[in-house]
Amino acid sequence: IEKIVLFLLEQQGQLANRLCDLRQQHDVILQLSNGGSKICELQEAYRGVGHDLLRLLFFVEMNAIGLRKILKKFDKRFGYRFTNYYVKTRANHPYSQLRQVFRHVGIGAVVGAISRNLADLQDHQGNYVSIYDQPALSHPDPIVHSIKAAVNKLSNSTNFLEFLGKHAFIMQDDLRSPSEDDVVEQRYHFMSLLLNLVNTFLYMVNTYIIVPTADDYSLSLGAAATVCGVVIGSMAVAQVFSSVYFSAWSNRSYLRPLVFSSIVLLIGNTLYALAYDLNSIVVLLVGRLFCGLGSARAVNRRYISDCVPHKLRMRASAGFVSASALGMACGPALACLFQTDFKIYKLTFNQETLPGWIMAISWLIYLLWLSISFREPPQEIKQDIIPQEVRAGTVVNYAVENGITQPLLLNTEPKQGENGDQEYDDGEEESCEKTRKPVTSILSAYRLLTPSVKVQLLVYFMLKYAMEILLAEASVITAYYFIWSTNSVAIFLACLGLTVLPVNIIVGTYISNMFEERQVLLASEIMVLIGILLSFHIGIPYSVPQYVGSALITFVSAEVLEGVNLSLLSRVMSSRLSRGTYNGGLLSTEAGTLARVIADGTITLSGYFGVAKLLNATLVPSLFICISSIVATCFTYNSLY
């Protein structure tokens with residue numbers, strides 16, 4: 001590490017000297033009236049410094065990968081997480097040389113000098129733009145974008161965009177070769193990405209638009225109000241199975257799964273609306289099952305992971321989370337607008353059927369837009385993909401040949417085996433393909449789950465269970481205790497949904513920079529526990545402030561917990577689960593969906609004890625699961641980095 005840092009400082013000094021010389025030439029050229037050709041030469045010289053800086057950053061990154069492999073070998077041979085101790089004791093020590101690598105103060109100064117001078121030269125015709133006062137008016141050179149991207153990959157800083165991107169749990173490869181980036185650039189199509197985000201938004205609206213009126217609809221069809229749990233949960237039941245086949249289908253196509261999803265959702269919402277005039281609870285449940293079978297969230301995640309360039313992927317991931325949050329808020333809010341009752345021929349349009357009709361029309365419009373505007377990306381050529389470790393060696397060799405770097409790990413040359421074949425010392429190249437090969441079954445995926453990953457999935461299950469209990473039974477609980485109207489319930493649920501993005505802004509921008517993610521995780525679990533405890537109806541009359549306050553604590557804490565949990569999960573989960581059918585996104589989706597199914601089933605079963613006991617009967621399982629997840633988190637706390 002000392003060798004890396006001293007070499008890095010030496011090279012930064014050489015780059016700084018070159019920039020000083022270029023600045024002197026810059027000042028001379030600005031005095032000339034006809035220095036157009038000189039300006040072009042000077043711009044190329046600055047870009048040359050930028051390219052050398054980029055190669056220096058590649059050198060640091062490759063050696064950081066080498067250090068990580070060394071630490072992993074210590075972990076394996078010790079049978080102890082030596083890496084955790086090493087990073088914890090050196091990450092923030094004032095004399096730690098790792099700080100020089102990861103803080104990038106010197107590199108930032110070089111980048112600033114290059115970008116500022118290129119901006120000055122670009123605006124030489126009397127139109128000087130300051131990169132400090134008016135950053136939006138400057139036009140950074142492509143080399144500056146490349147350097148910033150390389151610096152960000154080395155950094156471990158957190159901002160709101162990155163936090164939202166991790167919240168989406170779209171797993172990414174650590175490093176891509178230029179050929180892979182070119183392939184992804186060819187596959188990228190903005191309108192297709194937008195259609196995926198619209199699909200995400202509409203599906204979340206479809207999920208929550210019926211929540212305020214599900215109990216009234218059940219009563220209208222002759223069932224108990226608590227059957228709303230089955231009505232809401234039947235969509236989640238179907239989603240357990242649809243997530244798997246949509247994930248597998250996305251290996252071959254993106255357009256066809258989205259078309260199929262839209263058609264199934266169109267049919268499902270139409271059946272949901274027709275159930276009122278047919279007076280059939282069976283048709284109602286079949287309609288919701290069809291809606292669950294149309295869940296294409298696995299396709300939406302997969303499209304962002306596979307078809308969006310690396311430089312845009314974090315924004316696309318943040319867009320995925322924002323679209324989900326907006327849909328969650330808009331669903332109940334739209335239910336407020338359907339306070340009407342009229343007939344056209346034999347079809348009834350009221351607050352119970354209009355959500356189905358509106359969503360059916362929305363999916364029809366979306367289907368037409370999808371057919372016209374979506375572009376199927378070309379299929380990926382798997383054999384062209386080079387293993388990450390081989391790519392790393394290629395970049396280092398390129399840098400060494402160009403005289404800019406020296407490798408820290410020198411024993412990467414092949415040796416001659418007994419039969420004359422070339423062999424590598426640690427055998428990593430031989431197993432490289434195997435370690436990057438995606439898993440082919442749910443059982444294989446389960447075997448890759450470490451205890452800390454299993455605990456993270458349990459936490460995800462817990463928070464989804466608690467949120468579903470809160471949202472799905474809201475209409476029944478508020479009608480029984482407070483005699484709230486459908487409008488009041490819809491506004492309450494919409495307000496809860498609107499807290500998602502502000503909470504993520506606070507956590508992503510401030511809290512995650514002040515505390516470790518594992519600390520935020522444990523604190524959020526405790527807050528969810530407090531919210532559940534405050535929700536119980538024991539002794540004193542149940543009041544609106546108690547219900548609303550406890551619901552806000554539970555929901556907001558669960559939202560914070562979800563973002564931090566998925567951020568940690570994306571780091572501790574095996575890289576083999578970043579691609580293929582049985583990927584990490586599918587596992588987390590299945591855990592969350594299963595939680596919703598069990599929660600909705602709990603509401604319906606608890607209804608047999610009467611509405612008076614529904615609240616406490618549904619909170620007891622939430623309390624038990626929450627305590628279990630806190631205990632499990634405490635046991636694995638030291639492994640959560």
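One is the number of the first residue; the rest follow in order along the sequence.
- The only member of Trp357, Tyr276, Phe338 that meets ring pair (Phe, Tyr, Trp, His ring centres under 6.0 Å) when paired with Phe349 is Trp357.
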| field | side chain to side chain donor-acceptor pair (under 3.5 Å) evaluation trace for Thr633 with Arg518 | value | CA-CA 9 Å; Thr633 301; Arg518 58 179 182 167; over 6 Å; no

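- If you check the side chains of Thr499 and Glu559, you find no donor sitting under 3.5 Å from an acceptor.
- Using a 30° and 60° split on the angle between ring planes, Trp369 and Tyr366 fall in the perpendicular class, above 60°.
- Ring centroids of Tyr481 and Tyr547 are separated by 6.0 Å or more, keeping the two rings apart.
- Within a 6.0 Å sphere centred on CZ of Phe290, other residues, nucleotides and ligands contribute 12 heavy atoms or fewer.
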| query | side-chain contact (heavy atoms from CB on, under 4.5 Å) between His189 and Glu376: does it pass, once the steps are laid out? | reply | CA-CA 9 Å; His189 182 232; Glu376 183 75 82; over 6 Å; no

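- Atom-to-atom distance recorded for Ile526:CD1 and Leu529:CG is 8.0 Å, nearest 0.5 angstrom.
- You'll find the ring centres of Tyr303 and Tyr188 outside the 6.0 Å limit.
- Separation of atoms CD1 (Ile491) and CG (Leu498) is listed at 11.5 Å; rounding is to 0.5 Å.
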| said: Is there a side-chain contact (heavy atoms from CB on, under 4.5 Å) between Ile263 and Val259? Walk through the geometry before answering. | reply: CA-CA 6 Å; Ile263 294 172; Val259 169; 3.9 Å; yes

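- When all heavy atoms of Ile603 and Ala472 are compared, the pair lying nearest together is CD1-CB, 3.5 Å.
- A distance-only check finds a donor-acceptor pair linking the side chain of Thr618 to the backbone of Leu615 [under 3.5 Å].
- Nearest approach of Ala474 to Thr478, heavy atoms of both residues: O-OG1, 2.6 Å.
- Counting heavy atoms from C-beta outward, Ile304 and Asn196 have side chains that stay 4.5 Å or more apart.
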| request: Could you give me the CA-CA distance, side-chain angles and deciding distance for Asn300 and Leu258, then say whether side-chain contact (heavy atoms from CB on, under 4.5 Å) is met? | output: CA-CA 9 Å; Asn300 304 144; Leu258 291 175; 3.8 Å; yes

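- Atoms CG and CZ, from Leu193 and Phe320 in turn, are 11.5 Å apart once rounded to the nearest 0.5 Å.
- Judged by distance alone, the side chain of Thr604 and the main-chain N or O of Val230 form a donor-acceptor pair under 3.5 Å.
- Under a cut-off of 6.0 angstrom, the local environment of OH in Tyr608 is sparse, with at most 12 non-hydrogen atoms contributed by other residues, nucleotides or ligands.
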| said: What verdict does the side-chain contact (heavy atoms from CB on, under 4.5 Å) test give for Gln546 and His537, after you've listed the backbone C-alpha separation in whole Å, the side-chain angles of each residue and the deciding distance to 0.1 Å? | reply: CA-CA 9 Å; Gln546 180 185 352; His537 178 209; 5.8 Å; no

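- The minimum heavy-atom distance linking Leu493 with Pro212 is given by the pair CD1-CG, 4.2 Å.
- You'll find the side chain of Phe342 stays beyond 4.5 Å of the side chain of Thr348, heavy atoms only.
- Put simply, the residue from Asn350, Val231, Thr486, Leu354 that forms a side-chain contact (heavy atoms from CB on, under 4.5 Å) with Thr213 is Thr486.
- No donor-acceptor pair under 3.5 Å is formed between the side chain of Ser242 and the backbone N or O of Gly294.
- Looking at Asn269, its side chain does come within 3.5 Å of a backbone N or O of Leu265 through a donor-acceptor pair.
- Taking all atoms of both residues into account, the shortest heavy-atom contact from Ala490 to Cys336 is CB-SG, 3.1 Å.
- With contacts defined as side-chain heavy-atom distances shorter than 4.5 Å, the pair Leu623/Leu619 does not qualify.
- Checking Arg297 against Ser324 by side-chain atom types alone, a donor-acceptor pair falls below 3.5 Å.
- Heavy-atom minimum distance, Ile598 versus Thr602: O-OG1, 2.7 Å.
- For the pair Glu473 and Glu468, the minimum side-chain heavy-atom distance is 4.5 Å or more.
- The backbone N or O of Ser535 sits less than 3.5 Å from a side-chain atom of Tyr542, completing a donor-acceptor pair.
- Looking at Ser261, its side chain never comes within 3.5 Å of a backbone N or O of Pro257 through a donor-acceptor pair.
- For the residue pair Leu266 and Ala360, the shortest heavy atom distance occurs at CD1-O, 3.1 Å.
- Inter-residue side-chain proximity for Leu221 and Ser280 is flagged as unmet; no heavy-atom pair is nearer than 4.5 Å.
- Looking only at side-chain heavy atoms (C-beta outward), Val500 and Val556 stay at 4.5 Å or farther from each other.
- No side-chain heavy atom of Ile232 sits under 4.5 Å from any side-chain heavy atom of Tyr208.
- Side-chain contact check for Asp600 versus Ile469: every heavy-atom pair is 4.5 Å or farther apart.
- A side-chain N or O of Ser629 and one of Glu525 form a donor-acceptor pair less than 3.5 Å apart.
- Residues Trp249 and Tyr254 keep their aromatic ring centres 6.0 Å or farther apart.
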| task | Check step by step if side chain to side chain donor-acceptor pair (under 3.5 Å) holds for Arg302 and Ser250. | result | CA-CA 7 Å; Arg302 190 73 179 275; Ser250 63; 3.1 Å; yes

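- For Lys454, the NZ atom sits in a packed shell: over 12 heavy atoms of surrounding residues, nucleotides or ligands are nearer than 6.0 Å.
- In this structure, the side chain of Tyr480 does not engage the main chain of Leu614 through any donor-acceptor pair within 3.5 Å.
- Among residues two or more places apart in sequence or in another chain, the side chain to side chain contact (heavy atoms under 4.5 Å, CB included) test is passed with Ile625 by Phe461, Met462, Tyr465.
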